[in-house]
Amino acid sequence: MSALLPAEFADLEPYAADWCLAAEPDRWAKRLDSTMEEMKAFYDVCFPRAEEAIAYCDKFDLDDLPDDAKNLLHLLFSFALVSYPIEVWNQPLPIDTGSARLDRIREPRL
Amino acid sequence: MAHFSKPAEGSWTEHFGLSTEPANYADSISPEFYALEQEAIFKKTWLNVGRVEQLPKAGSFFTKELDAAKTSVLIVKNRDGELRAFHNMCRHRGNKLVWNDFPKAEVDGTCRQFTCKYHGWRYDLDGKLTFVQQEGEFFDLDKEQFGLAPISIDVWEGFIFVTFNPDPQPLREYMGRMGAGVEGYPFELMTQKHTYRAEIGSNWKLFIDAFMEFYHAPVLHNRQSVSEESRKLAKYGYEALSYDIDGPHAMVSSWGGMSPPADLNMVKPIERTLHSGLFGPWEGPDIGELPPGVNPAKSPAWGIDSFLFFPNFMLLLWKPNWYLTYHYWPTSYHTHIFETTLYFAPPKNAFERLQQELAVVTFKEYGLQDANTLEATQTMLESGAVTEFPLCDQEVMLRHLHTVCRDYVEKHLSNAGAVAAKGV
Ligand code: FES
Ligand SMILES: [Fe+2]
């Protein structure tokens with residue numbers, strides 16, 4: 001299978017198939033479906049590379065991102081989303097939100 | 001210990017002439033009271049249903065389900081670029097005119113005319129009936145008399161409002177002093193939209209209550225901050241910079257935001273990396289001077305203003321120059337649909353897009369906690385086990401909201417009584 005991410009982000013490639021998701025509802029569902037161990041592994045690899053990944057995407061016009069940069073930015077969106085379970089909650093859902101839902105029904109797509 | 005000054009009366013509640021007695025929530029657990037609110041409030045006041053950017057060209061339209069006013073409305077831009085609103089209902093036999101697949105689901109799009117799915121009657125963008133299938137079968141049908149039923153529509157600062165009141169106050173006048181105070185804010189520049197929607201198991205007013213006080217914030221949301229910061233916030237508690245009331249409308253002006261934070265250890269690693277968080281990207285776009293009604297206390301600690309334009313439209317202006325709206329659309333006395341849209345200036349690059357994403361993600365972490373308490377409160381209120389609830393001075397706007405609703409209902413009842421007494 002060809003790589004989803006730019007070659008210099010080969011260390012993030014193992015997470016790409018799972019986390020390069022264009023829509024927030026898919027990223028949210030993935031977060032709820034993941035174990036803390038899975039998210040921690042993704043977060044730990046992503047965290048030290050975040051600044052370089054942003055710099056890579058910023059070499060292009062946001063409206064005209066090549067596919068691999070678009071995938072990378074989607075991966076960063078997922079990174080932002082999993083930061084909450086890892087940095088704050090210690091569980092996939094926010095504390096005390098068991099029966100609440102908040103569906104992102106509109107978002108700008110890349 | 002007081003951190004911010006209060007009015008001379010000693011409290012905001014007394015300053016606004018509101019009762020300091022315990023409140024009761026009978027207005028939030030009663031089907032009968034809700035039925036009265038529908039007539040007295042939702043069929044009488046201006047309701048915000050969208051923004052002008054949703055209708056970019058002639059033929060652009062959207063529908064809005066307004067259970068609270070017992071109807072669905074169709075908003076469209078006509079060939080002259082004017083906005084029109086109609087009951088979304090065919091004049092032949094009453095079929096809902098515009099929908100796809102699911103009659104209850106809102107739709108939007110662009111078209112040249114509206115065609116009823118049932119027998120094919122057609123209406124132009126001004127609601128005029130233009131085509132009747134087998135017209136010769138009807139009896140002296142004058143098409144002029146069967147255009148779509150119009151509704152009053154007006155625009156304030158790019159926000160589209162409708163009202164079912166046959167004799168409405170002009171919209172700009174309805175928005176009052178606080179509306180005037182935010183006029184000129186560059187809403188039209190902030191076109192990057194993210195919308196969340198939720199079906200909530202509570203009376204519509206209970207969610208407004210939750211968003212018109214921040215007394216809960218250091219407690220319900222305490223785990224959201226790094227622990228040392230959270231201990232400090234909990235000890236500090238919450239005090240607003242200022243409150244204001246103008247007729248049925250209300251606002252709370254609040255401190256906060258730390259953008260950028262004085263000490264980077266006060267924020268989470270992801271915030272340090274992306275320079276963004278609940279209050280949005282630390283460096284917002286330059287939008288020049290803010291309108292005079294924003295940050296009315298002119299406090300350097302200012303972070304956010306929350307306006308409630310009665311009955312169900314909230315506007316939140318954040319220090320890093322972005323805004324959001326809340327809408328609470330009742331579907332019964334103990335259910336409503338909550339919608340929030342976060343509006344940012346279009347991001348100039350991937351980093352700004354990612355900063356905005358973190359703010360939108362963070363909103364959800366908080367919003368889920370806020371939403372989750374509501375059904376729990378509603379069911380216990382409905383138990384009737386306790387009927388008196390002490391409200392503190394930082395909950396002053398809750399008293400105001402419930403008082404305004406009761407006043408509208410009472411006025412509606414006394415008008416109806418006067419009409420009945422006259423034997424009309
Ligand atoms: S109900 Fe619309 S054409 Fe008959
Ligand atoms: Fe909250």
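Naming: A, B, ... by sequence-line order, numbering from 1 per chain.
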Would you confirm whether the ring centroid of [Y] sits within less than 6.0 angstrom of the ring centroid of [X]?
X: B/Trp329; Y: B/His336; result: no
X: B/Phe187; Y: B/Tyr343; result: no
X: B/Tyr215; Y: B/Tyr238; result: no
X: B/Phe159; Y: B/Phe313; result: yes

Is [X] close to chain A through its backbone or its side chain, or both, or neither, when contacts mean heavy atoms under 4.5 Å?
X: B/Leu374; value: neither
X: B/Thr362; value: both
X: B/Pro347; value: both
X: B/Gln356; value: neither

Side-chain donor or acceptor of B/Asn88 paired with backbone N/O of B/Val98 under 3.5 Å: yes
Contact class of A/Ser99 relative to chain B, heavy atoms under 4.5 angstrom: both
Under 4.5 Å from any heavy atom of chain B - which part of A/Arg101: backbone
Top residue by heavy-atom pair count (under 4.5 Å) with chain B, among [options]?
options: A/Thr97, A/Leu76, A/Leu72; answer: A/Thr97
options: A/Leu81, A/Ile54, A/Asp58, A/Leu93; answer: A/Asp58
options: A/Tyr84, A/Trp89, A/Phe47; answer: A/Tyr84

For chain A, the option from B/Thr273, B/Thr195, B/Leu342 that forms the most heavy-atom pairs under 4.5 Å: B/Thr195
